[in-house]
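Reading through the structure tokens given below for one structure.
Each chain gets a letter, A, B and so on, in the order its sequence line appears, and its residues count up from 1. Because the structure is predicted, anything quoted here is derived from the model rather than measured.
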Number of protein chains: 2
Amino acid sequence: MPDDRSTRDRLLDAFERLLVSAGSRAATLDAVAAEAGVSKGGLLYHFPSKEALIDGMVERLREQGARDVEKMRAAPQGPVDFYLETSIDTGSDFDRALIAATRLAQEQVQAARAALSDIRDAWFAVLREHVGDEALARTIQLIGDGLYFDDTSGFRDESALQHVKDVLGRLSS
Amino acid sequence: MPDDRSTRDRLLDAFERLLVSAGSRAATLDAVAAEAGVSKGGLLYHFPSKEALIDGMVERLREQGARDVEKMRAAPQGPVDFYLETSIDTGSDFDRALIAATRLAQEQVQAARAALSDIRDAWFAVLREHVGDEALARTIQLIGDGLYFDDTSGFRDESALQHVKDVLGRLSS
DNA sequence: GTCTATATTCTGATAGAC
DNA sequence: GTCTATCAGAATATAGAC
């Protein structure tokens, strides 16, 4: 069995990059192939249809999501700070995949929506367990969603994270 | 000068509805015309290009945004509760326009992005003035963004707003 | 595994009748 | 103001050479 992981992953990377930087209308098969440095025919060998490309991306996202939840659970700074700090785009592969999936979810791609929903449920379970308070856990998740939304919509505010930590600190005192 | 406001607005409504319910890829001129109950030629009489349709939508959004900020300022429950309560999709025309513009902003439509940015700045100014604390004002805006993001991404949580009000109440006591 | 050429359908836009 | 007919180019997908 030949190892074709490399080209496959480069194609998924290119698809995600285009979704993130230019949106779903710009992420055409032509554009993805060009971004990955292969021909359209080359792309269609690995992913026989656009749906297959999407499915491949979502499958990889689920794996990355499972790893992220483990990192969150074991984070030295604790799950809450880890969650908030990684709600801003850190430039990681996982962030890119997450933002790309959000673009697809807004175009009603159900596989993307379901994967995001599952990852969010896993995050919430860790937050809920750690802070021991449902209302606070939900609020923290909402703040993370807000950070994420702003960051991925071009409304980035450098001081946002510090402000949030400040306010959350007042609750503990 | 003939009054063509009615068909014009119906076209903009249809465009927004499609953006919200199906995403930007589905909001084609064909689909918008069909949704508004006119032919493509009819649409192109009012908006000679897709860019003109977008510009028309964004212009209307700015007017709605200015009215919303006034309502927020004068709200009986205060600006904070008004802001949080209307961060969830209330089904209003303004909510629809806002969500539609977010879809366009994520496809790098700069006019949509700029209008959203301006409206957000106006909201923040009212929050900032009312709570008198920058960190708290930013955190409230982030929570609103989180509510909005969840709601428009299909991650709606019925109890989210109550949880937020609960947690914010602890800060005042 | 990757490429070029081609087929098909969709999308934005124009022209001109009514 | 609204419609139908039509066009050029883009988007997804297939076929077959290398």
Side-chain angles (χ1 to χ4, degrees), chain A residues 1-58 60 100 103-104 106-112, chain B residues 1-60 100-101 103-104 106-112:
Chain A
M1 188 188 287
D3 183 355
D4 61 347
R5 255 199 163 293
S6 180
T7 301
R8 231 187 99 94
D9 275 339
R10 271 172 41 230
L11 285 163
L12 293 178
D13 292 349
F15 185 38
E16 290 176 355
R17 275 197 303 275
L18 286 167
L19 283 170
V20 170
S21 67
S24 112
R25 300 191 108 227
T28 64
L29 296 185
D30 251 320
V32 171
E35 171 84 12
V38 299
S39 69
K40 213 195 304 194
L43 184 163
L44 287 162
Y45 168 78
H46 293 280
F47 301 100
S49 69
K50 191 159 193 186
E51 200 189 343
L53 183 63
I54 290 171
D55 289 346
M57 203 205 89
V58 169
R60 205 172 66 161
R103 305 283 199 242
L104 293 180
Q106 294 192 335
E107 306 287 323
Q108 309 298 329
V109 175
Q110 293 310 318
Chain B
M1 188 188 289
D3 183 353
D4 60 348
R5 255 197 163 294
S6 179
T7 301
R8 230 187 100 94
D9 275 338
R10 270 173 42 232
L11 285 163
L12 293 178
D13 292 349
F15 185 37
E16 289 176 355
R17 276 198 302 276
L18 285 168
L19 283 170
V20 170
S21 68
S24 118
R25 295 192 72 127
T28 64
L29 295 187
D30 252 320
V32 171
E35 172 84 13
V38 299
S39 67
K40 211 194 309 193
L43 184 163
L44 287 162
Y45 168 78
H46 292 280
F47 301 101
S49 70
K50 190 159 194 186
E51 200 189 342
L53 183 64
I54 291 172
D55 289 346
M57 202 205 90
V58 169
E59 191 188 336
R60 204 172 66 161
R103 305 283 200 242
L104 293 179
Q106 292 193 337
E107 306 287 322
Q108 309 298 329
V109 175
Q110 292 311 317

Tell me, which of residues 26-44 of chain B have any heavy atom that sits under 4.0 Å from an atom in DNA chain D?
B/V38, B/S39, B/G41, B/G42
Between CZ of A/F15 and CG of A/L104, what distance do you get to the nearest 0.5 Å?
5.0 Å
Tell me: CG of A/L53 to P of D/dA11, nearest whole Å?
15 Å
To the closest 0.5 Å, what do you measure between OG (B/S24) and CD (A/Q106)?
10.0 Å
Can you tell me how far apart CE (A/M57) and CG (A/L12) are? Round to the nearest 0.5 Å.
8.0 Å
If the cut-off is 4.0 Å, is A/Y45 near the phosphate of C/dG1, judged by side-chain N/O to OP1 or OP2?
yes
Given C/dG12, D/dA11, C/dT2, which nucleotide is nearest the side-chain atoms of A/R25?
C/dG12
Could you state the atom-to-atom distance from CZ of A/F47 to C1' of D/dT12 in whole Å?
16 Å
In this structure, how many angstroms lie between the C1' atom of C/dC10 and the NZ atom of A/K50, rounded?
13 Å
Return the set of residues passing salt bridge (Lys or Arg N to Asp or Glu O under 4.0 Å) with A/E107 (not counting sequence neighbours), or none when no residue passes.
none
May I ask you to verify if any side-chain N or O of B/T7 is less than 4.0 angstrom from the OP1 or OP2 atom of D/dT2?
yes
Measure the spacing between CD of A/E35 and CZ of A/R10 and express it to the nearest 0.5 Å.
11.0 Å
